[in-house]
Amino acid sequence: MRIRPRTRAIGRGLRGALPACVALALLSVVAACRVDLTPPGAPTTWPTASAGRWQWQWQLGGVLDPAVDADVFLLDPVATTTAQTAELRSRDRRLVCHVYVGSVLPTDPDASRFPATVRGAASRRPQSRWLDVRQWDSLRPVLADRFRLCRGKGFGAVALADADGYAHRSGFPLGFDDQLRFNRRLVELARSTGLSPGLVNDLEQVAALAPDFDFAVNEECVRLGQCARLLPFVEAGKPVFHVEYTGSTTDFCVTTVGYGFSSIRKERELDAWRIPCPAL
């Protein structure tokens, strides 16, 4: 894929409307609804020669700006419509869906499918709850449908967010190995759905999980002084998509581009605005 020059795009507003069929796909396993959601081919691949050169965009809020000159778009699979993903694919963009796998919000369309026994303490997002990742049999059907929604809407990869509940006060006695087992099961589930799996944060487990995942997404490793922990992905020729919410790109790009990351500056609202670091 040709790597495009960086640019700055600005866009704000309301999220796109959610089609009724998509909402139903999250709430149930009705096969009739999935018939209309046709996958667009093979899962996303990440050529080693292009690692560190991908320009990317992470947008979870506001009106989607498809004109942002980025190769990779990380998007909310619920708010993003099939028409939007089709437009982006027509521009040869690689699409990654952002899925919370370790927490649930009461406003999630499929929230009622998570039994009370798997919901724990408050998570990092307002009103969200950590999930008991040891209870795979209860979580798997819901997460599988979330992945199917991504695949049906045209995404070729999935970024697994909140996959580090063991490192927080989750309300459950989760251990390092409990989280490893869960995250590796998610990798298998994603691949069986035709999605390339990516790890969001969870830096403590990067050394163990880098062989399992295809790419990493990281927030603020420069501010936190933890960028070196992501090197197992870089050394394996896998992309690291990195974002900082403070500081100047003039300052942090020197560090992250040197590490081989694809870096951008964003606001925490994760709307369309971004300032990218230069690609290698």
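Nothing here was measured: the structure is a model prediction, and the numbers come from that model. All values below come from the heavy atoms of this structure, side chains included, with hydrogens, waters and symmetry mates left out.
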When you compare the side chain of Val96 with that of Val72, does any pair of heavy atoms fall below 4.5 Å? yes

Where Val99 and Pro77 come nearest, the two heavy atoms and their spacing: CG2-CG, 4.3 Å

Could you pull out the closest heavy-atom pair between Ser192 and Leu189, with the gap in Å? OG-O, 2.7 Å

Rounded distance (nearest 0.5 Å) linking atom CG of Leu60 with atom NZ of Lys266: 8.5 Å

Side-chain heavy atoms under 4.5 angstrom apart, residues restricted to Ile, Leu, Val, Met, Phe, Trp, Tyr: same cluster for Ile275 and Val254? no

According to a 4.5 Å side-chain heavy-atom criterion applied to Ile, Leu, Val, Met, Phe, Trp and Tyr, with indirect links allowed, do Leu174 and Trp136 form part of one hydrophobic cluster? yes

Residue pair Asn183, Leu160: steps toward the side-chain contact (heavy atoms from CB on, under 4.5 Å) verdict: CA-CA 8 Å; Asn183 291 350; Leu160 309 181; 5.9 Å; no

Can you list the steps and then say if Trp58 with Val217 is a side-chain contact (heavy atoms from CB on, under 4.5 Å)? CA-CA 10 Å; Trp58 191 359; Val217 177; 3.9 Å; yes

Can you tell which of Thr255, Thr256, Asn218, Thr249 makes a side chain to side chain donor-acceptor pair (under 3.5 Å) with Ser263? Thr256

Under 3.5 Å donor-acceptor, Glu204 side chain and Ala167 backbone: no

Answer yes or no: is there a side-chain heavy-atom contact under 4.5 Å between Gln84 and Thr81? yes

Should Val240 and Leu224 be regarded as members of a common hydrophobic cluster, given that ILVMFWY residues are connected when their side-chain heavy atoms come within less than 4.5 Å of each other, either directly or indirectly? no

May I ask you to check whether Tyr100 and Trp130 place their ring centres under 6.0 Å from each other? no

Going by heavy atoms in the side chains, are Leu230 and Val206 under 4.5 Å from each other? yes

Ignoring hydrogens and angles, tell me if any N or O in the side chain of Ser170 forms a donor-acceptor pair with the backbone of Phe172 under 3.5 Å. yes

Any Val222 side-chain heavy atom under 4.5 Å of Glu244 side chain: yes

For the student: nearest non-hydrogen atoms of Asp65 and Ala272, plus distance: CB-CB, 4.0 Å

Under 3.5 Å, which donor-acceptor pairs do the side chains of residues 208-216 form with other protein atoms, sequence neighbours left out?
| residue | atom | partner | partner atom | Å |
| --- | --- | --- | --- | --- |
| Asp212 | OD2 | Arg184 | NE | 3.1 |
| Asp214 | OD1 | Arg191 | NH2 | 2.8 |
| Asp214 | OD2 | Arg191 | NH1 | 3.2 |
| Asp214 | OD2 | Ser196 | OG | 2.7 |

Distance in Å, Trp273 CH2 paired with Ile264 CD1, rounded so as to fall on 0.5 Å steps: 9.5 Å

Flag, side chain of Lys153 to backbone of Thr80, donor-acceptor distance under 3.5 Å: yes

Taking the side chain as every heavy atom from C-beta outward, state whether Trp56 and Arg94 have any pair of such atoms under 4.5 Å apart. no

Might you confirm whether atom CD of Gln127 has over 12 heavy atoms from other residues, nucleotides or ligands at distances under 6.0 Å? no

Over all heavy atoms of both residues, which pair between Leu95 and Gly154 is shortest? Give the atoms and the distance, please. CD1-O, 3.8 Å

Any donor-acceptor N/O pair, Ser262 side chain to Trp54 backbone, under 3.5 Å: yes

If we ignore angles and hydrogens, is there a donor and acceptor under 3.5 Å between the side chains of Thr246 and Arg223? no

Between atom CD of Gln205 and atom CG of Asp177, what is the distance when rounded to the nearest 0.5 Å? 8.5 Å

Is Arg268 salt-bridged to Glu220, cutoff N-O under 4.0 Å? yes

Donor-acceptor pair, Asn201 side chain versus Glu219 backbone, under 3.5 Å? yes

Can you name the nearest heavy-atom pair linking Ala159 to Val200, along with the distance? CB-CG2, 3.7 Å

Between Arg181 (side chain only) and Arg134 (backbone N and O only), is there a donor and an acceptor less than 3.5 Å apart? no

SB check Arg93 Asp71 (cutoff 4.0 Å): no

Between CG on residue Asp76 and NE2 on residue His98, distance to nearest 0.5 Å: 8.5 Å

Under the side-chain contact (heavy atoms from CB on, under 4.5 Å) criterion, do Gln59 and Phe73 qualify, and how do the steps go? CA-CA 7 Å; Gln59 185 173 354; Phe73 280 71; 5.7 Å; no

Can you label the angle between the His242 ring and the Phe252 ring as parallel, tilted or perpendicular, going by 30° and 60°? perpendicular

For the student: nearest non-hydrogen atoms of Ala190 and Val158, plus distance: CB-CG1, 3.8 Å

Determine, stepwise, if the pair Thr193 / Arg148 fulfils side-chain contact (heavy atoms from CB on, under 4.5 Å). CA-CA 6 Å; Thr193 314; Arg148 290 188 187 104; 4.1 Å; yes

Test: Asp202 and Arg229 ion pair at under 4.0 Å: no

Is there side-chain contact between Arg129 and Phe114, with heavy atoms separated by less than 4.5 Å? no

Any side-chain heavy-atom pair from Thr117 and Asp132 closer than 4.5 angstrom? no

Arg125 CZ to Ser103 OG distance, which is reported to the nearest 0.5 Å: 3.5 Å

Whether Tyr259 and Phe261 hold their rings parallel, tilted or perpendicular, with breakpoints at 30° and 60°: parallel

For the residue pair Leu131 and Leu139, establish whether any side-chain heavy-atom pair is separated by less than 4.5 Å. yes

The reported gap from CG in Asp145 to CZ in Arg140 (rounded to nearest 0.5 angstrom) is 9.5 Å

Ring pair (Phe, Tyr, Trp, His ring centres under 6.0 Å) partners for Phe176, two or more places apart: Tyr166

